[in-house]
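One structure is given below, encoded as structure tokens.
Computed from a prediction, not measured in an experiment: that's the story for all the values here.
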Amino acid sequence: MTDALWLLRDFLDSGGWVLWSILAVTVLLWTLMIERLWYLARVFPQLSRDYQRAWQQRLQQGGAAARHVRSAWLSRAQQQLQRNQPVIRVLIALCPLLGLLGTVSGMIQVFDVMALSGNGNPRAMASGVSRATVPTMAGMVIAISGLFCLARLDQQSRRALQRLSDRLRHQ
């Protein structure tokens, strides 16, 4: 286990402080996504049943007042389903930008090596190139995987809201 941790630390150190920043954003991003998946799978179904039970207990399910109550409940459910999704979108967009920042800082390191020692030190230049490419790759991988998960979250949220809307039929 300690060998794996050392390999992970070496990988993170190869990208510099930018890669550590990408790791922090990734932990926050996936924490929020797992929370949303948990909410969709465990919490919202119970909330949906509560809304349905309250709707069925209403004496009047038709008319303007009932439509307003239904609309308010659906709006509240939609807000609860979409909670944290704007933050998730921002974090997904931030990952490639942090990767680009890693590219720029790595290339600056390459140019510093070239300015100090010329083109004759390929090992020092390779370190800067590695520092430039690793964060870019990590930022893109996290963003792409985040986009796939976010698309699934959006789809499941829309379906759950549509099912709730269908169950709260007004007469």
Side-chain angles (χ1 to χ4, degrees), residues 1-48 74-165:
M1 182 65 179
T2 58
D3 290 339
L5 290 176
W6 280 107
L7 286 173
L8 179 63
R9 185 170 180 189
D10 286 343
F11 174 74
L12 290 169
D13 286 340
S14 72
W17 64 271
V18 175
L19 199 54
W20 284 97
S21 301
I22 291 173
L23 175 65
V25 169
T26 302
V27 168
L28 180 59
L29 172 68
W30 284 101
T31 300
L32 291 174
M33 284 211 217
I34 289 170
E35 184 273 331
R36 289 288 81 199
L37 289 169
W38 174 263
Y39 182 82
L40 278 168
R42 300 289 183 208
V43 178
F44 189 76
Q46 179 61 42
L47 183 67
S48 180
L74 289 174
S75 178
R76 187 178 315 144
Q78 183 178 17
Q79 286 178 341
Q80 291 168 342
L81 282 169
Q82 294 178 348
R83 196 180 92 220
N84 291 335
Q85 284 192 6
V87 175
I88 290 171
R89 291 179 199 284
V90 167
L91 292 174
I92 288 171
L94 186 61
C95 286
L97 296 176
L98 285 172
L100 182 61
L101 180 62
T103 300
V104 171
S105 65
M107 292 312 294
I108 288 172
Q109 183 180 356
V110 169
F111 293 139
D112 283 345
V113 167
M114 288 174 66
L116 293 175
S117 64
N119 295 351
N121 193 350
R123 183 170 293 214
M125 286 175 32
S127 169
V129 170
S130 173
R131 189 166 286 217
T133 56
V134 169
T136 305
M137 177 213 45
M140 295 303 289
V141 166
I142 299 303
I144 290 170
S145 62
L147 282 174
F148 283 126
C149 187
L150 182 62
R152 182 176 172 98
L153 281 172
D154 282 343
Q155 181 184 35
Q156 286 181 347
S157 295
R158 282 194 307 272
R159 284 183 185 168
L161 188 63
Q162 185 61 46
R163 280 192 302 270
L164 178 62
S165 177

Original post:
Quick check: does any side chain N or O of Ser145 sit under 3.5 Å from a backbone N or O of Val141, one acting as donor and the other as acceptor?
Top reply: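 Yes, Ser145 side chain to Val141 backbone: donor-acceptor pair under 3.5 Å.
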
Rounded at 0.5 Å granularity, tell me how far [atom1] in [X] sits from [atom2] in [Y].
X      : Y      : atom1 : atom2 : answer
Gln82  : Ile88  : CD    : CD1   : 11.0 Å
Arg163 : Leu161 : CZ    : CG    : 10.0 Å
Leu40  : Arg152 : CG    : CZ    : 9.5 Å

Original post:
Under the side-chain contact (heavy atoms from CB on, under 4.5 Å) test, which residues partner Arg76, sequence neighbours left out?
Top reply: Tyr51, Trp73, Gln80

**OP:** Mind checking side-chain contact (heavy atoms from CB on, under 4.5 Å) for Thr136 and listing every partner two or more places apart, or none if nothing turns up?
**Re:** Thr103

Subject >> Any residue meeting side-chain hydrogen bond (donor to acceptor under 3.5 Å, both in side chains) with Gln85, in chain and number order, not counting sequence neighbours >> reply: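 Applying side-chain hydrogen bond (donor to acceptor under 3.5 Å, both in side chains) to Gln85 gives none.
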
Original post:
Closest heavy-atom contact between Ile92 and Met33?
Top reply: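 Ile92 and Met33 have their closest heavy atoms at CD1-CE, 3.9 Å.
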
Original post:
More than 12 non-hydrogen atoms from neighbouring residues, nucleotides or ligands closer than 6.0 Å to CE on Met140, yes or no?
Top reply: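 Count not over threshold, so no.
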
Subject >> Student check: side-chain heavy atoms of Gln156 and Leu37 closer than 4.5 Å >> reply: yes

Original post:
So, do Tyr39 and Asn84 sit near enough that their side-chain heavy atoms are less than 4.5 Å apart?
Top reply: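 A side-chain contact under 4.5 Å is absent here.
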
Please output the side-chain donor-acceptor pairs of residues 15-30 that fall under 3.5 Å, not counting sequence neighbours, one pair per line with the distance.
unit_1	atom_1	unit_2	atom_2	d
Trp20	NE1	Asp13	OD1	3.1
Ser21	OG	Trp17	O	3.0
Thr26	OG1	Ile22	O	2.7

**OP:** Mind checking salt bridge (Lys or Arg N to Asp or Glu O under 4.0 Å) for Asp154 and listing every partner two or more places apart, or none if nothing turns up?
**Re:**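 Salt bridge (Lys or Arg N to Asp or Glu O under 4.0 Å) check on Asp154 returns Arg89.
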
**OP:** Sequence neighbours left out, what passes salt bridge (Lys or Arg N to Asp or Glu O under 4.0 Å) with Arg83? Give chain and number order.
**Re:**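 Partners of Arg83 by the salt bridge (Lys or Arg N to Asp or Glu O under 4.0 Å) criterion, ordered by chain and then number, come out as Glu35.
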
